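Structure record follows, encoded as structure tokens.
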Amino acid sequence: MDILGIETSCDETAAAIVRDGGEVVSNVVYTQIPLHQPYGGVVPEIASRAHVEKIREVVSSALGGRRVDAVAATFGPGLSPALIVGYNAAKGLAAALGAPLFAVNHMEAHLHTPFLDTGLDPRDFMPALGLAVSGGHTMWIDMPGYGKYETIGRTLDDAAGEAFDKASKLLGLGYPGGPVIDKVAKEWRSRFGGDDKAFRSSLVPFPKGRVREGVDALGGLDAKACVSFSGLKTSLLRHVQKNGGAAALAAAGEIPRIVASYQEAIVDAVAECTARLLGSKPRRALVVGGGVSLNSRLRERLGEVAADSGAKLLLAKPKYCGDNGAMIAGVAYWRRVCEGDAAMSLDISPSLETGQGNANE
Ligand code: KG4
Ligand code: ZN
């Protein structure tokens, strides 16, 4: 079964054809990053307009004259004016083709990315712990079976990607922050030639994102399954102010140490929370998706954490970590396999919770 997947929840206009949930036949991603760069973050109106301008070209280039059996599109979570463009295009296309339409949860789709282009059957890796780390979300999801999702942990404030992006803006390193911080932090770490103790003692002691029990924002979740990055962000701001501002720190050659310390605090928080959750019950796999899963240090640390727990680490290929249409088509196929026609739905849902994959439920 060939499914066309369309994704426009944030700042990528993307479409892809995936065969039987895994084989990527075509994959087209138009990134709007240069349009948002001057603002240091995604501007919803600009995103929406750019999706409108590009959607036709991206979809027809992904189709490349091929026929598809179904159409799938992200219906949430994401920016309403952005979601609406891709979802309406999918609706129109499905009607014109007389093909079924699948509404897909963006976070569930990120958790499908490790299975793209691998030939793996996701059902062989359940039960799993899902970790979705992106610019808008950081969440831990219990996956007792494929297509079954329960959010068991999350960040109480900023997402990991947002924390990278805000720090980068503060330090004058540009947008998006993740890739540049990853690169600069790697260079700093490489100075210690594998001596982890020396590397760690070189770092600025930023807070590690632990959450206190009894905080209202937990909303019923276990504090051990949650993280918080707002204290880290404030701590970075104070450090920069105390040392004369970003320009003075750059002139003193201090940016690499700060960036490596900040990244290590985020990675430690995510890796330690993941380790606690993997320790709470046996699981076959740790399934990771989202733009921040491109982070080289996070990939390394998650490898250690998974090995300690005996779970297999499943990471996406780098080209599927960021937003793309292939993950939308892939998850739609497996929802169809697991749920049949109930996997279809009707409208966008910007604040969609993970596990609420179908608006008709
Ligand atoms: O999943 P994604 O493409 O879009 C959302 O759904 O949010 O994630 C984008 C986020 C941005 O915050 C970006 O800074 C971050 O992923 N990112 C990284 C890296 N590459 C992208 N964060 C850390 N290290 C990276 N190498
Ligand atoms: Zn995403």
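Note that the structure is predicted; figures quoted are calculated from it, not measured. FYI, side chains are in, hydrogens and waters are out, and symmetry mates aren't considered; it's all heavy atoms of this structure. When a ligand or atom number is given, it counts from 1 through the structure's own listing order. Position 1 is the first residue of the sequence; numbering continues from there.
Inter-residue side-chain proximity for Ile266 and Asp268 is flagged as unmet; no heavy-atom pair is nearer than 4.5 Å.
No side-chain donor from either of Trp188 and Ser261 sits under 3.5 Å from a side-chain acceptor of the other. Looking at His110 and Tyr320, their side chains never bring a donor and an acceptor atom within 3.5 Å of each other. For the 3.5 Å distance criterion, the side chains of Glu254 and Asn243 fail to qualify, holding no donor opposite an acceptor. A donor-acceptor contact under 3.5 angstrom links the side chains of His36 and Gln32, judged on distance only.
Around the Zn ion (ligand 2), protein atoms of type N, O or S found under 2.8 Å number 3.
Residues satisfying the ring-ring contact (aromatic ring centres under 6.0 Å, His included) criterion with His51, sequence neighbours excluded, are absent altogether. Every residue two or more places apart in sequence or in another chain was checked for a side-chain contact (heavy atoms from CB on, under 4.5 Å) with Asp216, and none qualifies.
For ligand 1, the 4.0 Å heavy-atom shell contains residues His106, His110, Ser134, Gly135, Gly136, Gly161, Phe164, Asp165, Pro176, Gly177, Gly178, Pro179, Asp182, Gly290, Gly291, Val292, Leu294, Asn295, Gly322, Asp323.
Salt-bridge annotation for Glu300 and Lys186: absent, with no side-chain N of the basic residue lying under 4.0 Å from a carboxylate O of the acidic one.
Between the OG1 atom of Thr155 and the CH2 atom of Trp140 there is a distance of 7.5 Å, given to the nearest 0.5 Å.
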